[in-house]
Trainee: 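Before I ask anything, let me first share the structure, which is written out below as structure tokens.
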Amino acid sequence: MIENQYKISNITKFGIFVDLDDNRTGLVRWSNVPKNEKYHIGDYVSINILNTHPDGKIDLEISTEDFNDRFENFISTSYIRLAELQEKNKHIRDFIK
């Protein structure tokens, strides 16, 4: 399983059922599914718990946190570090010649 993500176990007319860590299943109602997104059984999604009912039912929503927002710092520092390494590699090649 992907960290902080949960597997879609079923898709019905009520919404998307997601398997949680504790052998329970929660429901993402269609009103809480992001527009223009397509999901399939077996996909992994980030979720937020909206409500836990006394009868054990769990209402969920799909978190729409953007990948670039989440990893922006990592991506930008990796790009800078790669450019630095390429420049050092160029100098080493010039020195060896």
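If you read the sequence from its start, that first residue is 1, and numbering goes on from there.
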Trainee: If you define the side chain from C-beta out and look only at heavy atoms, does anything of Phe17 sit under 4.5 Å from Thr12?
Mentor: yes

Trainee: Would you check if Asn48 and Leu60 make a side-chain contact, meaning some heavy-atom pair closer than 4.5 Å?
Mentor: no

Trainee: Drop me the distance from Asn32's CG to Leu27's CG, to the nearest 0.5 angstrom.
Mentor: 9.0 Å

Trainee: Between Asp19 and Ile8, is there a side-chain heavy-atom distance shorter than 4.5 Å?
Mentor: no

Trainee: Which is it for His53 and Asp59 under the side chain to side chain contact (heavy atoms under 4.5 Å, CB included) test, yes or no, and what are the steps along the way?
Mentor: CA-CA 8 Å; His53 299 274; Asp59 295 330; 2.7 Å; yes

Trainee: Quick one, Ile41 and Ser9 - any side-chain contact, counting heavy atoms below 4.5 Å?
Mentor: no

Trainee: How far apart are the closest heavy atoms of Asp43 and Lys38, and which atoms are they?
Mentor: OD2-O, 4.3 Å

Trainee: Just verifying a value: how many Å separate Leu82 CG and Glu87 CD, rounded to the nearest 0.5 Å?
Mentor: 12.0 Å

Trainee: Only one of Leu50, Ile49, Asp55 forms a side chain to side chain contact (heavy atoms under 4.5 Å, CB included) with Thr52, so which one is it?
Mentor: Ile49

Trainee: Are more than 12 heavy atoms, taken from residues, nucleotides or ligands other than Asp22, located less than 6.0 Å from that residue's CG atom?
Mentor: yes

Trainee: Could you tell me which non-hydrogen atom of Ile62 sits nearest to which non-hydrogen atom of Pro34, and how far apart they are?
Mentor: CB-CD, 3.9 Å

Trainee: If you take all heavy atoms of Lys7 and Gly42, which pair is closest and at what distance?
Mentor: CE-CA, 3.7 Å

Trainee: So do the side chains of Trp30 and Ile16 get within less than 4.5 Å of each other, counting heavy atoms only?
Mentor: yes

Trainee: Should Tyr39 and Val33 count as side-chain neighbours, where that means a heavy-atom distance under 4.5 Å?
Mentor: yes

Trainee: Is there side-chain contact between Asn51 and Ile58, with at least one heavy-atom pair below 4.5 Å?
Mentor: no

Trainee: Mind checking whether Val28 and Val45 have side chains closer than 4.5 Å, heavy atoms only?
Mentor: no

